[in-house]
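Right, one structure below, let's go through it.
This is a predicted model, so every value here is computed, not measured.
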Amino acid sequence: MTASPSEPGTPGTPGTPGTPEAPGTYDLAVVGAGSAGLSGAVTASELGLSVALLDTSIQTGGQFYRHPAPALGAVRPEALHHDWSAFSDLRRRLAGSGTAHLAGHHVWSTVREGDGTWSVHAVIGADGTAERPVRIRARALLLATGAYERQLPFPGWTLPGVVGAGGAQAMLKSGLVLPGRRIVVAGSGPLLLAVASSLAAAGARVPAVVEAAGYLRYARSPRALVTNPGKAAEALLHGSGLLRHRVRLRLRSAVTEVHGADRVEAVTVTRLDADWRPVPGTGRRIACDALAVGHGLVPQIELATTAGCATRRLPDGTLGLALDDLQETSEPGLWAAGETGGVGGAELARAEGELAARAIAARILGRRAGASRIAELRRRRDRMRAFADVMSAAHAPGPGWQDWLTDDTDVCRCEEVDAGRVREAVTELGARDARTVKLLTRAGMGWCQGRMCGTAVACLAARGGTAEPPAERRPFAVPVRLSTLAALDEAPDPDAS
């Protein structure tokens, strides 16, 4: 089923730039309505292109600008956000543009057709379970799909009360609820500071922020620090919030065990050496009723890699898309912006989204789309991307984290595969990579398709060597019913007459 030509936001006269070549065909389809996607969509629309903006959420803003539904009656949702004015501006521009905002669209595949256009396949509904499949056609495609949290397992991490660090922040921003009253925040990466300060400001008691890495590696790249003063200001803002609420920051430490019967009652925090191995005799128990934990973010790139896009290894060992100087992937006609090229924050995502949109407009319209502005965006992008690489390297997990694991620690939660079974597959059955471990143990075959356990399985399979990042090649980016697939050929085309 294709998008109807009467879809709100489809402007202009057929056969001219800025209008569909055929009914239901847009100049540009943007997947993801976070900072990068919003920036790309509104810029392209303002430059004269017809744009469809697809996102799983009903509201725009992505993960960074999550905000409560109007029914919750939040008086000041901006109080929980940094740089809310930038999002407000993008939202205002979106409302005034001709962009077709297709909310509740769960994109599961993108396909380049024989004529060079792209088909974007989605299922609709709040949870993607509506029966009707949807296909959007476009001349160009911009992926702004963001990232998801990286989790490293440890004993007790499946207990109720253990949530992702980003998940805790999402609960607060979108639901105005806390995962507990006394919450330890742990893992690695600058997100921890933002999460802890937000939780403390909302009334939670945060006894400690437990950071597995340190901050000395930032000092090795003074140029990246000096040219990005906003990042230092943001860190000072969160740091002052922690001081004000008397939150202790524990560096080079990790939560190595969670204690409790029916839910979290306490955690053990242990000092780490330079390789993230626990230092014997340094464990200290901290009472709490919730743990918010995350070890950085992983670019969400499966739509792109399944389409054949090349990737590059990032400093923290994850994979991002390999992009040219104007954000185009190795597949002509497919661009990407934001966290898909490496995690760098909302400001970088906005710059990349606009840069990609201007490049796409120039390609489709056959004329330059603001040469001086493009040069400025490239300089800004390069400056912020340099800092993002420094940040990625500073918080990259060390190989010693595997020493946290006991043999009965669940690694794959979906299929209940513990560390002992994975180690057995490697040492006794000859597995040398995550794929072989998956075939021997079912680790990664569950509902999340390895998003939660992929990093851990790959590291265990490497036996202390350099782990190969999960390939992120999945034919379905989201779960799709068989009935939906069967309906692809049966669904009537509303434009056929």
Side-chain angles (χ1 to χ4, degrees), residues 35-36 39 63-64 81-86 146-147 149-150 165-166 169 185-198 209-244 247-254 272 274-276 294-299 312-318 320 323 325 327 337-355 375-398:
S35 296
S39 180
Q63 297 295 332
F64 190 86
H81 293 83
H82 174 70
D83 202 10
W84 178 263
S85 60
E149 278 194 280
R150 173 170 51 193
Q169 194 174 50
V185 178
S188 187
L191 176 64
L192 302 185
L193 302 180
V195 171
S197 60
S198 296
V209 174
V210 185
E211 167 63 65
Y215 293 99
L216 291 179
R217 292 195 65 173
Y218 286 89
R220 301 177 188 174
S221 305
R223 177 177 173 80
L225 296 177
V226 171
T227 56
N228 290 275
K231 293 297 184 181
E234 189 175 343
L236 287 174
L237 175 66
H238 294 312
S240 63
L242 298 183
L243 286 173
R244 186 167 59 254
V247 177
R248 184 179 179 184
L249 178 61
R250 303 183 64 153
L251 301 177
R252 291 290 183 191
S253 302
L272 304 179
D275 291 326
W276 287 33
H295 294 86
L297 301 173
V298 180
R312 69 181 183 103
R313 190 175 181 121
L314 302 174
D316 65 351
T318 59
L323 305 172
D325 210 32
Q327 301 298 127
E339 318 290 47
T340 53
V343 175
E347 185 180 359
L348 173 59
R350 291 193 297 271
E352 291 186 343
E354 181 181 345
L355 179 59
E376 177 189 348
L377 288 168
R378 286 167 61 179
R379 288 192 298 270
R380 188 187 306 175
R381 186 267 319 273
D382 292 346
R383 170 176 56 80
M384 290 187 287
R385 182 58 68 191
F387 181 86
D389 287 344
V390 171
M391 179 180 67
S392 178
H395 297 281

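From L193, atom CG reaches atom NE2 of H238 across 7.0 Å, with rounding to the nearest 0.5 Å. Atom-to-atom distance recorded for S197:OG and L243:CG is 11.5 Å, nearest 0.5 angstrom. A distance of 12.0 Å separates CG in L377 from CZ in R350, rounded to the nearest 0.5 Å. Distance CD/Q63 to OG/S35: 11.0 Å, rounded to 0.5 Å.
Heavy-atom minimum distance, R217 versus A393: NH1-O, 3.1 Å. For the pair S188 and A213, the tightest heavy-atom approach, listed with the atom from each and the gap, is OG-CB, 3.7 Å. Between L297 and D316, the shortest heavy-atom distance links the atoms O-OD2, 4.1 Å. Considering every non-hydrogen atom in both A186 and L192, the closest pair reads O-CD2, 3.4 Å. For the residue pair A351 and M384, the shortest heavy atom distance occurs at CB-CE, 4.0 Å. Closest non-hydrogen pair, S198 versus Q169, comes out as OG-NE2, 3.9 Å.
Checking side-chain atoms of S392 against main-chain N and O of A388 turns up no donor-acceptor pair under 3.5 Å. In terms of modelled atom types and a separation under 3.5 Å, the side chain of S240 and the main chain of L237 share a donor-acceptor contact. Judged by distance alone, with hydrogens and angles left aside, the side-chain atoms of R312 form a donor-acceptor pair with the main-chain N or O of G341 at under 3.5 Å. One N or O on the side chain of E149 and one on the backbone of A165 form a donor-acceptor pair closer than 3.5 Å. Remark: side-chain polar atoms of T318 are not paired, donor with acceptor, to backbone N or O of L314 under 3.5 angstrom. The main-chain N or O of A36 is never found under 3.5 Å from a side-chain atom of S39 such that the two would form a donor-acceptor pair.
Within the 4.5 Å cutoff, side-chain heavy atoms of H395 are placed close to those of Y215. A 4.5 Å side-chain heavy-atom check between V343 and R150 finds every atom pair outside the cut-off.
Ring-plane geometry between W276 and H295 is classed as tilted, the angle between the planes lying from 30 to 60 degrees on a 0 to 90 degree scale.
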task = Show your working on side-chain hydrogen bond (donor to acceptor under 3.5 Å, both in side chains) between E211 and S253 and close with a plain yes or no.
result = CA-CA 6 Å; E211 167 63 65; S253 302; over 6 Å; no
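Counting non-hydrogen atoms of neighbouring residues, nucleotides and ligands closer than 6.0 angstrom, the CZ atom of R248 reaches no more than 12 such neighbours.
Counting only residues at least two apart or in different chains, side chain to side chain donor-acceptor pair (under 3.5 Å) contacts with residues 378-390 comprise N228-R383, D325-R378, D325-R381, Q327-R381, E352-R385, E376-R380.
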